[in-house]
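Only one structure is covered here, and it is reproduced in the block below.
Each chain gets a letter, A, B and so on, in the order the sequences are listed, and its residues count up from 1.
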There are 2 protein chains.
Amino acid sequence: MQTYRNTKQRTRILEVLRSTDTHPTAAWVYDRLKFEFPSLSLGTVYRNLTILEEQGSVVRIASGSTFDRYDAVVTPHPHFRCLKCGGLYDTKDMSQDAISYPEKTASGHLITKMVLEFHGTCAPCLEKRPASGEMKI
Amino acid sequence: MQTYRNTKQRTRILEVLRSTDTHPTAAWVYDRLKFEFPSLSLGTVYRNLTILEEQGSVVRIASGSTFDRYDAVVTPHPHFRCLKCGGLYDTKDMSQDAISYPEKTASGHLITKMVLEFHGTCAPCLEKRPASGEMKI
DNA sequence: TCAATAATCGGAACGATTATTAATAATGGA
DNA sequence: TCCATTATTAATAATCGTTCCGATTATTGA
C-alpha cells in the first residue's frame, strides 16, 4: 500500500484546479505553474493529476483523441461540449440529480457513476458565425 | 463542396460496423478487413470512419486518451462503460428518450445532442473478482 | 472513352500521455 | 535532531492512437 506525501507541487496543482471553472488540461496547469516552479515537469503534472484522481479530489473528463480535461468539482454534474471549438462548460442551469438509475443494469453491470453531456455549439462560436448558412467572403 | 465516391473499402467498413454491437475500434475494423483487402491501410479505415461520421452513418464514441469507438446505431442511446476493462456496452433496458432538455442552455449554448453514459464494473469483470474485498493470494 | 479528382496505400509525422532513471526531499523512528 | 527509507521530482525517451503526406489508383460524370 502506497502512502502519499504532501508536496508543494501537488498542493498547488489542486489549488490551481480549484481556482477555475474552465476544466483545464494538464498543459494549461503546467503553463500556469511553471513560473512558480521553474523546474516543473509536465510529467509531474500528469502524475499528480492521476494521483489526485485516485484520491477523489479531481475528476477526469475524457474527450477522446484530444487532450483530457480535469475538474476539481467532484459532485456529479453535466457538461456542455462545443463541437466547433472543443470548449467545455458547466451548465449551471441544468442538473442530473433528478435522473435516477438502478444499481445494476439488466445485464448485471454495476453502475457507480452517471455521466451526462450536452453537445452542440457554444455561445461564443455562435456569435462568430452568421445566423444561418455559410460564412460569406 | 466535396462529393463522396463509393469505394469497396468504405462500403465494407460500414457493413462490418453494422454487423456487430461491440462498438469496435478502428484497429478492430482493420483486423477484420485486412484479409479481404490485403493492402488495406489503417489510415484508410480512419479516414473512412471520419467520412461515415460526416455522412451521419456512424457515431464516434470518445474515450479520452484511449482509442475511440464507433457505433453504427445512430439513434441516441446510453452506453455502459467498464472502468476495469474498458469495455463498452449497450444498455438495452435503459433509454434516454424520456430525458428532456432545452434547445439552448441559460448561457446561450446551442444543444444538438445529449450523451448519457453509465460507468462502473461490467458483469464479466465482477465475476472475475471476489464478492468483496481484495483478491487473496 | 477520357479527363477530373476523390480515394487508396505505405509510411512518416504528430501530439497527448506514460515510463524510465538518477537525483531530491518528505516522512517516521531512533 | 539525525538518519534511513522511500515517495516524488525533473528530464528525457518511449508509447500509442490518430492524422497527414506524396505518389498511385479508381470512381465518376461528360
Rounded at 0.5 Å granularity, tell me how far CG in D21(B) sits from CG in L88(B).
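If we round to the nearest 0.5 Å, D21(B):CG and L88(B):CG are 10.5 Å apart.
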Distance, nearest 0.5 Å, that separates CZ of F37(A) from OG1 of T7(A):
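Spacing of CZ (F37(A)) from OG1 (T7(A)) equals 8.0 Å.
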Starting at atom [atom1] of [X], determine the distance to atom [atom2] of [N], rounded to an integer number of angstrom.
X      : N       : atom1 : atom2 : result
N48(B) : dT27(D) : CG    : P     : 13 Å
I13(B) : dA7(C)  : CD1   : C1'   : 11 Å
F37(B) : dA7(C)  : CZ    : C1'   : 13 Å
Y30(B) : dG11(C) : OH    : P     : 10 Å
Q55(B) : dA7(C)  : CD    : C1'   : 13 Å

According to the Watson-Crick and G-U wobble definition with distances under 3.5 Å, which dot-bracket string, read 5' to 3', encodes DNA chain C, using [ ] for crossing pairs and | for pairs with another strand?
||||||||||||||||||||||||||||||
Between R12(B) and E15(B), is the closest basic N to carboxylate O distance under 4.0 Å?
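Yes, charged N to carboxylate O under 4.0 Å.
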Taking C-beta and beyond as the side chain, do [X] and [Y] meet within less than 4.5 Å on heavy atoms?
X       : Y      : value
R47(B)  : T44(B) : yes
M114(B) : P78(A) : no
H23(B)  : S63(B) : no
K113(B) : L83(A) : no
R81(B)  : H79(B) : no

Donor-acceptor contact below 3.5 Å, side chain D90(A) vs main chain K92(A):
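Here the side-chain-to-backbone pair does not exist.
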Looking only at atom types and distance, does a side-chain atom of R10(B) sit under 3.5 Å from a main-chain N or O of R5(B), one as donor and one as acceptor?
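Yes, because the side chain of R10(B) sits within donor-acceptor range (under 3.5 Å) of the backbone of R5(B).
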Can you tell which of dA6(C), dT9(D), dC9(C) lies closest to the side chain of S39(B)?
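Nucleotide nearest to S39(B)'s side chain: dC9(C).
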Which letter, B, S or -, goes with each nucleotide of nucleotides 16-22 of chain D from 5' to 3', with contact meaning a protein heavy atom under 4.0 Å?
-SBB---
What string of B, S and - do you get for nucleotides 22-30 of chain C, 5' to 3', if B is base contact, S is sugar-phosphate-only contact and - is no contact with any protein heavy atom under 4.0 Å?
---BBS---
Fit a plane to each ring of Y89(B) and H109(A), take the angle between them on a 0 to 90° scale, and name the class: parallel (under 30°), tilted (30 to 60°) or perpendicular (over 60°).
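Tilted: the ring planes of Y89(B) and H109(A) meet at 30° to 60°.
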